[in-house]
> 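Quick one: the structure is below, and I'll ask about it shortly.
None of these values were measured; they are calculated from a predicted model.
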Amino acid sequence: MIEEISIWDLGVIEHAVLPLGPGYTVVTGETGAGKTMVTSALGLLTGKRADAGSVRHGAKSASVEAIVQTRANSDVAVRAADAGGSFDTDSEEDDAVAHLVLSRSVSSEGRSKATVGGRTTPVGVLGELGDALVAVHGQSDQLRLKGATEQRESLDRFAGPKLASTLADYQGVWDELRQTQQQRDELVTQARERALEAETLRVSLEEINAVDPQPGEDETLKAEATKLANVEGLRTAAMAAHSALVSEDFGTSVDASTLVNEGHRALEMVSDDDPDIKALADRLAEIGYLMSDLSSDLASYASSLDSEGPARLAEVEARRAALNALTKKYAPTIDEVLAWASFASERSLELGDDTQRIDELTGRIETLTAERDKLAASLTKLRTAAAKDLSTRVTTELHGLAMPDASLVVVLEETEPHRYGADRIEMLLKPHSGAGPRPLGKGASGGELSRVMLAIEVVLASTDPVPTFVFDEVDSGVGGKAAVDIGRRLARLAEHVQVIVVTHLPQVAAYADRHIRVMKQSSGETGVTASDIALLDEDERISELARMLAGQEDSETAQAHAKELLSDARAETVK
């Protein structure tokens, strides 16, 4: 709820604080005193268009501020925090009571500034918060239930939890149906492209499988080709090294093996004379053995080269050419070609299953469509019953609000299925039996329209999420018993939400929980007119009601009548 509104230099109000609270608050005052500045202030705080003409004469700017009580985990508090604002809480609990400050200013040049929780924000943020906090009904304000969406949402809330549960089931089916249709349509639309992709993959896999590459084969063959291309040089080097170790030509210089053997024999002859010489002789003998083994390996290596001639080289180069054809087309290396082939094989299987998948999706679409239509019919049935009940109850309220021949007609029109069912809801007002139903807001005066909205809000109050309702001119053109009925219904609405009413009728004011008076004061010296706002105590309230009744707040007769109005209203409230 709104705890307090402060106003500076708005219209005729220089500075005033409007103390509010739960229940029903009434604002009264003489004509021209500035009562409508209350609704103007709320309009600014809820993001409505700022008018430089509303700035008090002689002031540079007008500003309004409100302290709003909500919960720390409410949508309002969360949105304020998202906008960078802060708020005070009574505890650390998630649902703790939170106090949020909203403010708006407008300069005499027309510039506007908004803050939420101490942080400057776009005016649009105030508008979002205002939609969740306050519903204003007055001659100059747009209808809260002006659109088909708002009317459907109100009817659905009025219908209760059974419709909410059915709607949730319907929307679950609706979302799945849309997703399934999209998947099927994509498969059908892309069938040609997918078939072409599948054929391309098939040809590629056949080409790769025909070559049958092995992991790392390209690197292995590269090394073998280098070897085969240099066979003669390798053979010559191996034989030269072999001859150096063990010469087969006895006419040439002594080879290394002979020299090592001679050295070993020389040391062996004296090895018994010194252990060190014995150790050296053993080491030289070991070298001889190693040289013998190495010479045998060199001879074997040279002999093996004889079998790897030009025929093998041609075979290797042909294989490498086949592998290179794959690496040029599919990936830089054979290992990557094999990885791509694995992916292509899986993708080919996926693409080849289109027909079966399309058939499966089509069958699922048929099932979901039947389920959607069944749930849509249930929604229509529940809404039809709720519309009849709402129409009857609102019409009854209208008859008690000086509109004895008026009735509310809630029409359900069949439409193509959409995310909220298969019908369109429209609330129409039938002003009298001889007139046809017309959309809300058309064919009714401002006062009549406010009464229509009051009737609707009273019926919807227990299901409506908006915590504060403001009515301006709700009693326009009525009096007597009808005025009493309006006050009674406002009090009934205030059992569920915070209600603020600007009125000139004492019958309406008598039912309020708190009474605020706007007083106009003129200065003879400066010629400036200003207004002040005061919360009335019991005696002041009786005087104000007497003024509203007879124009004479000091009249004993008028005061007696005022006391009677208050007493009767309180007696009804207690009941």
> Quick one: OG on Ser112 to CZ on Arg49, what's the gap to the nearest 0.5 Å?
10.5 Å
> With a cut-off of 6.0 Å (strictly less than), are more than 12 heavy atoms of other residues, nucleotides or ligands near CG of Asp75?
no
> After noting the C-alpha distance and the side-chain angles of Ser107 and Lys60, does the key distance pass the side-chain contact (heavy atoms from CB on, under 4.5 Å) rule?
CA-CA 6 Å; Ser107 70; Lys60 293 183 178 180; over 6 Å; no
> Where do Arg372 and Val173 come nearest, in terms of heavy atoms and distance?
N-CG1, 3.8 Å
> Evaluate side-chain contact (heavy atoms from CB on, under 4.5 Å) for Ile533 paired with Val17, printing each intermediate quantity in order.
CA-CA 7 Å; Ile533 294 176; Val17 177; over 6 Å; no
> Measure the spacing between CZ of Arg71 and CG of Asp90 and express it to the nearest 0.5 Å.
8.5 Å
> For residues Ala569 and Ala510, report the shortest heavy-atom separation together with the two atoms involved.
CB-O, 3.5 Å
> Do you know the tightest heavy-atom contact between Pro431 and Leu429?
CD-O, 3.4 Å
> Taking the basic N atoms (NZ, or NE/NH1/NH2) and the acidic carboxylate oxygens, is any pair closer than 4.0 Å for Arg492 and Glu397?
yes
> With sequence neighbours excluded, tell me which residues meet side-chain contact (heavy atoms from CB on, under 4.5 Å) with Asp539.
Asp537
> Counting C-beta onward and ignoring hydrogens, is there a side-chain heavy-atom pair between Leu379 and Leu167 closer than 4.5 Å?
yes
> Quick check: do Val68 and Met1 have side-chain heavy atoms less than 4.5 Å from each other?
no
> Not counting sequence neighbours, which residues clear salt bridge (charged side-chain N to carboxylate O under 4.0 Å, His left out) with Arg364? List them please.
Glu176
> Between Val470 and Val134, is there a side-chain heavy-atom distance shorter than 4.5 Å?
yes
> Apply side-chain contact (heavy atoms from CB on, under 4.5 Å) to Thr46 and Leu102, showing your working.
CA-CA 9 Å; Thr46 53; Leu102 308 178; over 6 Å; no
> Do Leu428 and Val410 come close enough that some side-chain heavy atom pair is under 4.5 Å?
no
> Show your reasoning for whether side-chain contact (heavy atoms from CB on, under 4.5 Å) applies to Phe158 and Arg393.
CA-CA 11 Å; Phe158 178 75; Arg393 294 173 63 176; 3.5 Å; yes
> Can you name the residues that form a salt bridge (charged side-chain N to carboxylate O under 4.0 Å, His left out) with Glu128, not counting sequence neighbours?
Arg79
> First locate atom CG of Leu401, then atom CE of Met403, and finally report the distance between them rounded to the nearest 0.5 Å.
8.5 Å
> Might you point out which heavy atoms bring Leu45 and Ala66 nearest each other, and give the distance in Å?
CD1-CB, 3.5 Å
> Does atom CD of Glu414 have more than 12 heavy-atom neighbours, drawn from other residues, nucleotides or ligands, at distances under 6.0 Å?
no
> Donor-acceptor check, side chain of Ser378 to backbone of Lys374, threshold 3.5 angstrom: yes or no?
yes
> Give, for atom CD1 of Ile500 and atom CG of Leu42, the distance between the pair rounded to the nearest 0.5 Å.
5.5 Å
> Output all residues satisfying side-chain contact (heavy atoms from CB on, under 4.5 Å) with Ala114, sequence neighbours left out; order by chain, then residue number.
Arg104, Thr121, Val123, Leu126
> With distance as the sole test, does Ser567 use its side chain to make a donor-acceptor pair with the main-chain N or O of Lys563 at under 3.5 Å?
no
> Below 4.0 angstrom, N of the basic side chain to O of the carboxylate: do Arg184 and Glu366 qualify?
no
> Can you measure from CG (Leu375) to CG (Leu382) and round to the nearest 0.5 angstrom?
10.5 Å
> Is the closest side-chain heavy-atom distance between Leu566 and Ile542 below 4.5 Å?
yes
> Do Leu10 and Val64 have side chains that get closer than 4.5 Å, going by heavy atoms?
yes
> Could you tell me which non-hydrogen atom of Pro19 sits nearest to which non-hydrogen atom of Ile516, and how far apart they are?
O-CD1, 3.3 Å
> Ignoring hydrogens and angles, write down the donor-acceptor pairs under 3.5 Å from the side chains of residues 420-427, residues two or more places apart or on other chains.
{"residue": "Asp423", "atom": "OD1", "partner": "Arg383", "partner atom": "NH1", "Å": "2.8"}
{"residue": "Asp423", "atom": "OD2", "partner": "Thr380", "partner atom": "OG1", "Å": "2.4"}

> Can you tell if the side chain of Pro506 reaches within under 4.5 Å of the side chain of Leu565, non-hydrogen atoms only?
yes
> Counting only N and O atoms by type, is there a donor-acceptor contact under 3.5 Å from the side chain of His99 to the main-chain atoms of Ile67?
no
> Given 3.5 Å as the limit, does a donor-acceptor pair link the side chain of Ser165 with the main chain of Lys162, or not?
no
> Minimum heavy-atom separation for Tyr24 to Tyr511, with atom names?
CD2-O, 3.3 Å
> Within the 4.5 Å heavy-atom criterion, are Gln69 and Val97 side-chain neighbours or not?
yes
> Return the OG1 to CG distance between Thr384 and Leu412, rounded to the nearest 0.5 Å.
4.5 Å
> Taking CD in Glu540 as the centre, count heavy atoms belonging to other residues, nucleotides or ligands within less than 6.0 Å. Is the count above 12?
yes
> Is it the case that the side chains of Thr70 and Ser74 hold a donor-acceptor pair, with the cut-off being a distance below 3.5 Å and no angle test?
yes
> What residues, two or more places apart in sequence or in another chain, satisfy salt bridge (charged side-chain N to carboxylate O under 4.0 Å, His left out) together with Arg419?
Asp175
> Please check if any side-chain donor atom of Thr468 sits under 3.5 Å from a side-chain acceptor atom of Gln498, or the reverse.
yes
> Checking His15 side chain against Ile7 main chain: does a donor-acceptor pair fall under 3.5 Å?
yes
> Check whether the side chains of His515 and Glu544 place a donor and an acceptor atom closer than 3.5 Å, and report yes or no.
no
